[in-house]
Amino acid sequence: LREGVMFHDGTPLEMKDVLHTLTTAFTPDELGPEFQEAKDEIQGRVLGDAQKVQTYLKDWEAPDDKTLVINLKFPSNAFLITFGFARFPVISADAIAEHGTFRVPNEGTLVGTGPYKFVEYDKDIVTELERNPDYYLEGRPYLDGIRLFPIFDVGTIIAAFKTEQVLMSGNYVTNLNIADLEKLKEERGDKLRLIATSVPDNPRGVMMNTKKAPFDDQRVRKAMNLIVHRQPVIKTITAGRGFMGTPIPCGFGWSFTCEDAEQMPGMRELNGEKHPDDIAEAQALALAAGAGPGTKLEFSCRMVIEYCDMMQIVKSQFQQTFGWELTTRSLESTAGYDLYRAGEYDFAIQAVGFPFPDADASAAAFRENSTSHTERTFYFNPDAEPLWAQINTETDFLKRKELVAQANAHLMEDNSWAFGYHPTVAWPINTKIQNFIDPTGRSSYIQWDQIWCDQCKK
């Protein structure tokens with residue numbers, strides 16, 4: 001541990017806080033009675049991101065007050081990347097014991113050691129932070145404070161950038177798709193920068209509730225993967241920048257090429273149109289499963305990023321190909337999560353978030369007992385299941401690559417997701433913010449003490 005690191009409430013960060021954080025994240029059932037309120041909120045469950053870490057994590061110990069030892073189940077350089085994800089800040093054990101709840105805005109527990117301190121939280125209005133004068137890096141952060149405005153409506157977001165009421169987004173999630181942002185950049189000219197990046201670890205697609213008909217039938221799930229016409233979705237929503245929506249992302253040395261992905265059943269086209277063989281097979285499968293024309297279903301989306309835009313595009317594909325009678329439902333973000341967890345939906349547009357683009361992350365999302373969004377579908381492919389542990393531990397590069405291809409093939413055959421694309425996103429930055437540093441790690445690995453600029457000027 002670094003010397004002299006202080007929490008925002010003026011108390012020192014000690015090893016007990018590190019150990020408490022690890023227990024809260026990975027073994028919450030072991031929390032003591034003084035943490036009962038926080039324990040009740042966690043409800044004995046481990047966060048999805050914690051589960052990804054537990055792919056590697058065996059146990060931990062503190063041989064002295066300054067040293068933490070973490071033991072892994074097997075050697076892996078992916079552990080540090082996953083563990084360094086933004087979900088595991090050290091929390092104050094004393095603050096939690098005294099003030100109880102994690103719920104925002106409980107000022108008593110909103111204490112960290114980071115560059116900015118909590119000032120105000122007004123739900124759906126503003127969150128305000130101020131500079132932490134006791135931050136361990138002298139001279140950091142560079143800014144006196146930050147105001148974060150949650151804006152959900154696309155038109156309002158665009159207007160806020162045009163009028164310079166906001167100068168940048170908090171990260172790449174803005175509810176503006178890449179086409180919206182490119183148009184905004186064209187209108188703003190040299191007053192706006194766009195920092196674009198691909199996000200192969202956050203695919204958007206159709207999430208199916210396998211506890212409900214017709215998605216409890218493998219034939220319908222395969223038909224869904226066959227019938228989604230990805231290319232129009234990619235062109236419309238990502239301005240052609242997105243990547244083909246295979247279950248495991250394409251274009252990496254450990255996976256397969258995107259050119260190969262474009263020739264896979266369900267992904268391929270013929271003369272610029274959906275391949276007729278895929279259409280015919282999907283229709284036959286749906287009919288055989290009793291999900292032919294006239295099948296009535298509700299299709300939902302959470303009103304964040306491009307989910308509802310994608311829903312409208314693929315809705316027409318399902319109606320035209322299967323003859324389904326679909327009603328749509330747009331949900332506020334939290335309400336949507338609640339319905340999905342409870343299984344009170346038919347099918348929906350959603351994304352699966354991986355902490356980093358690697359087959360290990362895919363394994364953590366798709367394997368049995370995952371707490372990622374795959375859990376909301378209530379299904380994990382049993383044929384792919386034995387492959388995940390092999391993928392995690394295989395050190396021969398070519399063998400691992402072949403295992404990844406096998407897992408992807410199983411998921412193409414039967415998956416509770418029909419992915420549309422792996423997106424490209426962009427970060428809008430007003431050029432009044434000078435010397436902005438493009439973060440190497442992108443939005444998930446931001447060090448907010450230095451990202452803003454190397455030498456701020458008004």
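Hydrogens, waters and symmetry mates play no part in the numbers below; they use all other heavy atoms, side chains included. Treat the numbers as computed from the prediction; the structure is a model and nothing was measured.
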All salt bridge (Lys or Arg N to Asp or Glu O under 4.0 Å) counterparts of E182, not counting sequence neighbours: R241

Residues forming a side chain to side chain contact (heavy atoms under 4.5 Å, CB included) with K73, sequence neighbours excluded: K58

Approximate separation, where rounding is to 0.5 Å, of W417 CH2 and R376 CZ: 9.0 Å

Any donor-acceptor pair under 3.5 Å from T23 side chain to L19 backbone: yes

Sub-4.5 Å side-chain heavy-atom contact between M6 and T11: no

With sequence neighbours excluded, residues passing ring pair (Phe, Tyr, Trp, His ring centres under 6.0 Å) with F161: none

With sequence neighbours excluded, residues passing salt bridge (Lys or Arg N to Asp or Glu O under 4.0 Å) with R131: none

Cationic N near anionic O, under 4.0 Å, R268 to E262: no

T101 side chain to E41 side chain, donor-acceptor N/O pair below 3.5 angstrom: yes

Residue pair S169 / W427, side-chain donor-acceptor N/O under 3.5 Å: yes

Set of residues satisfying side-chain hydrogen bond (donor to acceptor under 3.5 Å, both in side chains) with respect to Y421, sequence neighbours excluded: E306

Ring pair (Phe, Tyr, Trp, His ring centres under 6.0 Å) against Y337, all qualifying residues, sequence neighbours excluded: H373

Non-hydrogen side-chain atoms of P249 and W254 separated by less than 4.5 Å: yes

Listed partners of K235 passing salt bridge (Lys or Arg N to Asp or Glu O under 4.0 Å), at least two apart: none

Aromatic ring proximity, centroids under 6.0 angstrom, F252 and F243: no

Electrostatic pair K39-E34, nearest N-O below 4.0 angstrom: no

Plane angle bin for H422 and F419 - parallel if under 30°, tilted between 30 and 60°, otherwise perpendicular: tilted

Inter-residue atom distance N177.CG - R204.CZ, 0.5 Å rounding: 10.0 Å

Any side-chain donor near an acceptor of the partner, N209 and D346, under 3.5 Å: no

Side chain to side chain, L192 and I429, heavy atoms closer than 4.5 Å: no

Donor-acceptor contact below 3.5 Å, side chain N415 vs main chain M412: no

Parallel, tilted or perpendicular, as decided by the 30° and 60° cut-offs, for the rings of H20 and F35: tilted

R367 versus N381, side-chain donor and acceptor atoms under 3.5 Å: no

Would you list the atom pairs, donor with acceptor, under 3.5 Å between side chains in residues 91-100 and any protein atom, with sequence neighbours excluded?
unit_1 : atom_1 : unit_2 : atom_2 : d
S92    : OG     : A95    : N      : 3.1
D94    : OD1    : K16    : NZ     : 3.0
D94    : OD2    : K16    : NZ     : 2.9

Polar side-chain atom of N132 near backbone of P115 as donor-acceptor pair, under 3.5 Å: no

Residues forming a ring pair (Phe, Tyr, Trp, His ring centres under 6.0 Å) with F118, sequence neighbours excluded: none

Any side-chain heavy-atom pair of E120 and T127 under 4.5 Å: no

Non-neighbouring partners of Q231 that pass side chain to side chain contact (heavy atoms under 4.5 Å, CB included), sequence neighbours left out: H229, M244, E269

D122 CG: over 12 foreign heavy atoms closer than 6.0 Å: yes

F299 and F318 aromatic ring geometry - parallel, tilted or perpendicular at 30°/60° bounds: tilted

Side-chain donor-acceptor pair present, Q350, R302, cut-off under 3.5 Å: yes

Note, Y135 side chain near V5 side chain (heavy atom, < 4.5 Å): no

Residues which pass salt bridge (Lys or Arg N to Asp or Glu O under 4.0 Å) with K162, listed by chain and number, not counting sequence neighbours: E187

Lys/Arg-Asp/Glu bridge criterion (N-O < 4.0 Å) met for K185, D180: no

Ring pair (Phe, Tyr, Trp, His ring centres under 6.0 Å) partners of F256, counting only residues at least two apart: none

Polar side-chain atom of R147 near backbone of G145 as donor-acceptor pair, under 3.5 Å: no

